[in-house]
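Owing to the predicted nature of the structure, the values given are computational and were not obtained by experimental measurement.
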Amino acid sequence: QVQLVESGGGLVQAGGSLRLSCAASGRTFSSSAMGWFRQAPGKEREFVATINWSGDITYYADSVKGRFTISRDNAKNTVYLQMNSLKPEDTAVYYCARRLSGGGATLARSYDYWGQGTQVTVSS
């Protein structure tokens, strides 16, 4: 079984930055695409960003494009989400997940393993 553990969340003022990490166990990390989703209270889980297995192709939701950067270090079995210029509307629980081969990158059903999430709170 693949396990994913997020860390790095916290409280930050608007305009600030945070870096989230997702540590993976198992032998499949280096060959799997990964993604980040987020969910605010009372709202549906939404796509944030995804990265392919080798780290050379990325895709972002319009709401975070230009502010967030997804990256990975396969030697460390870790995927990152660098979040800059944070806004109060970025407040949510952030989840990392492993994407199934051939699945739609923005669809939650395309991901088979999920972490427990880490809280990000942006104050105004």
Q: Could you walk me through whether Val2 and Arg98 pass the side-chain contact (heavy atoms from CB on, under 4.5 Å) test, one step at a time?
A: CA-CA 9 Å; Val2 174; Arg98 188 184 77 170; 3.5 Å; yes
Q. If you measure from the Lys or Arg side-chain nitrogens to the Asp or Glu carboxylate oxygens, is any gap between Arg38 and Asp90 under 4.0 Å?
A. yes
Q) For Tyr80 and Arg72, what are the C-alpha separation, side-chain angles and deciding distance, and is it a side-chain contact (heavy atoms from CB on, under 4.5 Å)? A) CA-CA 6 Å; Tyr80 304 95; Arg72 67 192 299 162; 5.8 Å; no
Q. How long is the gap from OG on Ser32 to CG on Asn74, to the nearest 0.5 Å?
A. 9.5 Å
(Q) Checking the side chain of Thr118 only, and the main-chain atoms of Gly9 only, is there a donor and an acceptor separated by less than 3.5 Å? (A) yes
Q) Within a radius of less than 6.0 Å around CD of Gln82, do more than 12 heavy atoms belonging to other residues, nucleotides or ligands occur? A) yes
**Q.** Minimal non-hydrogen separation, Ser124 against Pro88, with atom names
**A.** CB-CG, 3.8 Å
Q) To the nearest 0.5 Å, what is the distance between CG (Leu81) and CD (Glu6)? A) 11.0 Å
Q) When clusters are formed by joining ILVMFWY residues with side-chain heavy atoms under 4.5 Å apart, either directly or through shared neighbours, do Trp114 and Val93 land in the same one? A) yes
**Q.** Of Thr69, Thr106, Thr50, the residue whose pairing with Tyr60 passes side chain to side chain contact (heavy atoms under 4.5 Å, CB included)
**A.** Thr69
Q: Dump the intermediate steps for side-chain contact (heavy atoms from CB on, under 4.5 Å) on Ser21 and Thr78, then the final yes or no.
A: CA-CA 7 Å; Ser21 298; Thr78 302; 4.2 Å; yes
Q) Which atom pair, heavy atoms only, marks the closest approach of Leu86 to Leu18? A) CD1-N, 3.9 Å
Q: Nearest 0.5 Å please: distance from the CG atom of Leu107 over to the CG atom of Leu100.
A: 11.0 Å
Q: Decide if atom NZ of Lys65 counts as having more than 12 heavy atoms of other residues, nucleotides or ligands within a radius under 6.0 Å.
A: yes
Q. So which heavy atom on Tyr113 is nearest to which on Leu4, and how close?
A. O-CD1, 3.4 Å
Q. When clusters are formed by joining ILVMFWY residues with side-chain heavy atoms under 4.5 Å apart, either directly or through shared neighbours, do Tyr94 and Tyr111 land in the same one?
A. no
Q) Are more than 12 heavy atoms from other residues, nucleotides or ligands located less than 6.0 Å from atom CD of Glu89? A) yes
Q: Taking the side chain as every heavy atom from C-beta outward, state whether Val79 and Ile70 have any atom pair closer than 4.5 Å.
A: yes
Q | is_close_aromatic(Phe47, Phe37), centroid dist under 6.0 Å | A | yes
Q | Backbone of Asp56 reached by a side-chain donor or acceptor of Asn52 within 3.5 Å | A | yes
Q: Show your reasoning for whether side-chain hydrogen bond (donor to acceptor under 3.5 Å, both in side chains) applies to Ser17 and Asn84.
A: CA-CA 4 Å; Ser17 299; Asn84 298 326; 2.9 Å; yes
**Q.** Derivation of the side-chain contact (heavy atoms from CB on, under 4.5 Å) call for Met83 and Leu20
**A.** CA-CA 8 Å; Met83 305 184 295; Leu20 306 184; 3.7 Å; yes
**Q.** Closest approach of Met34 to Cys22 (non-hydrogen atoms, all atoms of both residues)
**A.** CE-SG, 4.5 Å
Q) When rounded to the nearest 0.5 angstrom, what distance separates CH2 in Trp36 from OH in Tyr95? A) 11.5 Å
**Q.** Nearest non-hydrogen partners of Ala92 and Gln119, listed with the distance
**A.** O-NE2, 3.4 Å
Q: Measure from NZ or CZ of Arg99 to the centre of the six-membered ring of Trp53 and say whether it is under 6.0 Å with the direction within 45° of the ring axis.
A: no
Q: Enter the distance from Ser63:OG to Phe68:CZ here, rounded to the nearest 0.5 Å.
A: 7.5 Å
Q: Could you tell me the separation between the OG atom of Ser25 and the CD atom of Gln3, rounded to the nearest 0.5 Å?
A: 4.5 Å
